[in-house]
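Comments concern the structure below.
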Protein chains: 2
Amino acid sequence: MSDSDHGRRTIRDVAKAAGVSISTASNALNGTGRTNAETREKVKRIADELGFRPNALARGLLMKRSHAIGMLTNDTYGRLTLPMAAGVSEILVDHGVSLFLCATNNDPRLAKLHLDALLDRQVDGIIFTATRIDLEPPPELLKLRVPVIYAFAQGPADSVSFHPDDAQGARVAVQHLQSIGRTRIVHITGEENYLAARIRAHAYEDLVGPSGQVMFGEWSEEWGHSAIDEIYSQSGPKPDAIFCGSDEIARGVIDALRDRGISIPDDVAVVGFDNWEVVSKQTRPPLTTIDMQLKEIGHRAGLAILGLSRQEKLEPGIVRLPCSIFKRNSA
Amino acid sequence: MSDSDHGRRTIRDVAKAAGVSISTASNALNGTGRTNAETREKVKRIADELGFRPNALARGLLMKRSHAIGMLTNDTYGRLTLPMAAGVSEILVDHGVSLFLCATNNDPRLAKLHLDALLDRQVDGIIFTATRIDLEPPPELLKLRVPVIYAFAQGPADSVSFHPDDAQGARVAVQHLQSIGRTRIVHITGEENYLAARIRAHAYEDLVGPSGQVMFGEWSEEWGHSAIDEIYSQSGPKPDAIFCGSDEIARGVIDALRDRGISIPDDVAVVGFDNWEVVSKQTRPPLTTIDMQLKEIGHRAGLAILGLSRQEKLEPGIVRLPCSIFKRNSA
DNA sequence: TACAGAAGCTAAAAGGTTTTATCAGAAAGT
DNA sequence: ACTTTCTGATAAAACCTTTTAGCTTCTGTA
């Protein structure tokens with residue numbers, strides 16, 4: 001109806017319609033300053049009727065808090081990133097904070113471009129995620145004036161990181177196998193140069209003692225398959241349980257065992273790692289596996305960056321969040 | 001050194017350091033207005049030295065273009081969304097546009113919350129994505145003053161959508177099988193109430209004629225398995241090729257065929273749909289499959305929203321982007 | 001000499017909000 | 001009757017940038 005019919009209504013419109021000044025309108029809506037209860041209600045009602053919503057750009061410009069954070073990831077495929085991003089976003093949306101997603105594709109030029117764009121947008125913080133916990137972040141991240149949190153990635157000494165508790169996850173897996181009476185447990189896992197693989201292997205060794213056997217290889221189904229071939233081509237006692245470093249490896253293991261007519265879980269129990277449903281639900285039998293609770297990592301990282309952006313102090317270091325076991329039928 | 005040592009340098013700082021007014025600094029940096037070449041270079045050099053970068057909030061507030069767009073998705077798991085999001089982000093970052101990611105988790109309350117937040121942030125456009133092309137978007141999307149693009153999702157009649165060309169993808173698959181001499185091709189696919197499944201089935205039927213056989217079921221490996229059981233428990237001629245509606249189904253099919261000692265691709269050739277590498281690389285033999293080019297869909301959607309945000313007119317309708325065949329060893 | 005036109009620069013407004021300082025008026029205390 | 005205190009409301013500054021309109025100064029032409 002009025003001249004400002006297109007576009008959004010501004011606080012001016014509210015103030016004019018309520019017959020008060022802009023400052024009074026602002027105070028009434030935000031509960032700041034001194035306002036008569038009656039006018040406060042009136043302003044609120046009119047703002048509601050007009051469908052007024054404050055312009056986040058103007059607000060951010062003034063308050064020097066944009067209520068937006070950025071997430072930098074090198075994972076294009078999304079297996080790890082999206083659950084975490086969803087967790088972050090889920091937590092933050094209730095606090096009125098939005099999430100910029102930046103896929104760097106492992107390209108330093110792109111990373112720099114994204115980082116600059118985030119800073120130009122005055123983000124309140126940045127979450128850096130990677131596809132492995134021991135990947136170095138881009139050096140530009142180190143000396144920023146905005147807080148940075150590392151999720152599923154390694155930060156510098158004085159930073160805050162959130163990782164899955166790989167050691168605890170491995171222990172849960174092994175202890176479950178022991179609790180169902182298994183004594184000859186073999187660990188088939190991925191590349192030894194992955195920190196996560198080494199941590200899990202150590203935790204496994206601590207529990208099974210010197211009788212244990214760790215087989216490093218690749219993060220692939222094929223490796224699970226050929227690892228079984230290797231075990232059964234040798235003489236000596238055979239395992240009664242296998243703890244795998246990933247669901248994909250577990251799938252290869254299960255297929256290889258079935259090919260040999262070995263019954264799962266009766267003859268050999270199998271536990272995986274990831275709870276990546278497209279794999280773990282589809283093995284025969286369905287896979288008992290360790291869930292890294294990626295969404296929860298996202299939650300915690302989101303809360304942490306929220307705290308930091310409010311100047312709260314956070315204890316630096318690596319926070320390891322517990323994994324949980326998801327029992328299906330393979331163990 | 002100066003009083004504004006913390007925080008970012010503003011255009012004020014640049015102007016002062018260069019001994020010119022703010023307007024001249026702005027004009028010099030943006031190449032607008034009339035500026036002496038000499039002063040222009042000087043301002044640029046000083047801006048560079050100072051590490052000046054314009055505040056995107058202030059700029060957006062004034063120009064009424066935030067150079068940010070939002071992406072609304074209901075897919076928490078990320079299989080489809082993240083490749084598309086990466087495609088969008090990849091295209092837009094070079095145009096200085098950033099991407100807000102909003103995971104709605106299929107919760108209307110959350111969708112509304114995210115949508116409001118995006119509008120408050122003055123986004124230049126919104127991309128709506130879903131996990132299936134025939135999912136209705138939230139009704140609030142229909143009457144916005146910002147442009148909306150639908151990617152892998154259904155929009156209203158006058159909107160612009162980008163879908164994979166399911167019919168063409170199915171044709172490529174069937175024609176490949178025919179070109180290697182297969183004549184008895186069966187189509188095993190997912191739920192009939194998925195539009196994509198019906199489109200592909202029709203395209204298949206058009207090519208193979210009345211001798212064809214379409215088996216609808218679930219989008220699972222198990223269904224692929226039991227479909228093969230069904231085929232081989234009946235009498236009559238057996239297929240020499242199978243076109244599957246998803247890689248997961250194809251995996252079940254391959255496993256079931258191998259269990260029966262049927263050689264792939266010699267006796268029966270198999271083609272999948274998705275090129276979801278975690279599955280298609282790992283089958284034995286590796287799977288020949290149809291790739292929906294999700295990243296390309298993201299590219300196109302990104303470019304489209306960029307155009308719309310610049311007031312360019314776009315032909316409404318569904319743009320179907322070609323799928324490609326990725327040949328491995330199963331066909 | 002006078003004047004048109006252009007070149008180069010700048011003051012000021014605009015964008016939408018929050019916050020500070022101020023002001024008018026009423027109630028309360030002396 | 002006069003000051004003090006309090007309440008409720010507001011004008012104006014601030015945030016940082018772009019853009020409009022205007023102001024000098026200079027060059028060239030009549």
Side-chain angles (χ1 to χ4, degrees), chain A residues 2-4 6-44 46-47 50-68 96 119-124, chain B residues 3-4 6-44 46-47 50-68 96 117 119-124:
Chain A
S2 86
D3 48 335
S4 61
H6 61 90
R8 292 161 67 101
R9 340 264 2 186
T10 75
I11 201 171
R12 284 191 113 73
D13 300 327
V14 176
K16 192 175 295 177
V20 298
S21 74
I22 294 184
S23 2
T24 305
S26 175
N27 280 330
L29 291 173
N30 298 321
T32 55
R34 289 183 301 233
T35 6
N36 186 324
E38 206 172 316
T39 43
R40 187 162 53 240
E41 289 316 310
K42 183 179 179 191
V43 169
K44 278 184 176 171
I46 291 187
L50 259 49
F52 165 76
R53 311 210 86 227
N55 181 322
L57 262 40
R59 193 178 235 172
L61 178 58
L62 192 55
M63 323 229 296
K64 297 174 167 307
R65 292 204 49 213
S66 65
H67 288 273
L119 295 177
D120 292 351
R121 296 201 139 76
Q122 320 288 114
V123 290
D124 299 334
Chain B
D3 48 333
S4 60
H6 60 91
R8 291 163 68 100
R9 339 258 13 177
T10 76
I11 200 171
R12 282 192 116 71
D13 300 326
V14 176
K16 192 175 296 177
V20 299
S21 74
I22 294 184
S23 359
T24 304
S26 175
N27 280 330
L29 291 172
N30 298 321
T32 57
R34 289 183 300 234
T35 5
N36 185 325
E38 205 172 317
T39 44
R40 187 161 55 241
E41 289 317 309
K42 182 179 179 191
V43 169
K44 279 184 175 169
I46 290 188
L50 260 48
F52 166 75
R53 309 210 87 226
N55 181 323
L57 262 39
R59 194 178 233 172
L61 178 58
L62 192 55
M63 323 230 293
K64 294 174 170 309
R65 292 204 51 212
S66 65
H67 288 272
L119 295 176
D120 292 351
R121 296 202 141 75
Q122 318 290 110
V123 289
D124 299 334

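In what follows, chains carry the letters A, B, and so on, assigned in the order in which the sequence lines appear, proteins first and then strands, with residues in each chain numbered from 1. Please read all numbers here as calculations on a predicted model, not as lab measurements.
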Measure from the side chain of A/Ser21, starting at C-beta and using heavy atoms only, and say which of D/dT17, C/dT10, D/dT10 lies closest. D/dT10
Short side-chain N/O contact from A/Lys64 to OP1 or OP2 of D/dC16, under 4.0 Å: yes
Whole-Å distance, A/Asp13 CG to C/dG16 C1', equals 11 Å
With respect to the phosphate group of C/dT18, does any side-chain polar atom (N or O) of A/Asn30 fall under 4.0 Å of OP1 or OP2? yes
How close or far is atom C1' of C/dT18 from atom CD1 of A/Ile11, stated in whole angstroms? 8 Å
Please give, in whole Å, the distance from D/dA14 P to B/Leu62 CG? 19 Å
So what does A/Thr24 touch, heavy atoms closer than 4.0 Å: a base, only the sugar-phosphate, or nothing? base
To the nearest Å, give me how far apart CG (B/Asn55) and C1' (D/dA14) are. 14 Å
Got a donor-acceptor pair under 3.5 Å from the side chain of A/Thr39 to the base of D/dA9? no
Checking only heavy atoms, does the side chain of A/Ser23 share a donor-acceptor pair with the base of D/dA11 at less than 3.5 Å? yes
Could you check whether atom CZ of B/Arg12 has more than 12 heavy atoms from other residues, nucleotides or ligands sitting under 6.0 Å from it? no
Under a 3.5 Å distance rule, please check whether A/Ser66 uses its side chain to pair with a backbone N or O of A/Gln122 as donor and acceptor. yes
Separation of atom CG in B/Asn36 from atom C1' in D/dT25, rounded to whole Å: 14 Å
A/Thr10 near the nucleic acid: base, sugar-phosphate alone, or nothing, with a heavy-atom cut-off under 4.0 Å? sugar-phosphate
Specify the separation, in whole Å, of atom CG of A/Leu57 and atom C1' of D/dT17. 12 Å
Nearest-nucleotide comparison on DNA chain C, the residue closer to the 5′ end among B/Arg59 and B/Val20: B/Val20
Nearest atoms (heavy-atom pairs only) where A/Arg8 meets A/Asp13: O-OD2, 4.3 Å
Rounded to whole Å, the CD-P distance (B/Gln122 to C/dT17) equals 9 Å
Over all heavy atoms of both residues, which pair between A/Arg59 and A/Asn30 is shortest? Give the atoms and the distance, please. NH2-OD1, 3.6 Å
A/Leu61 atom CG is separated from C/dT18 atom C1', nearest whole Å, by 11 Å
Between B/Arg40 and B/Thr35 (side chain of the first, backbone of the second, donor and acceptor by atom type, cut-off under 3.5 Å), is there such a pair? yes
Just call it for B/Arg34: base, sugar-phosphate, or nothing, with non-hydrogen atoms closer than 4.0 Å on any strand. base
The residue, A/Ile22 or B/Ala37, whose nearest nucleotide of DNA chain C is more 5′ is B/Ala37
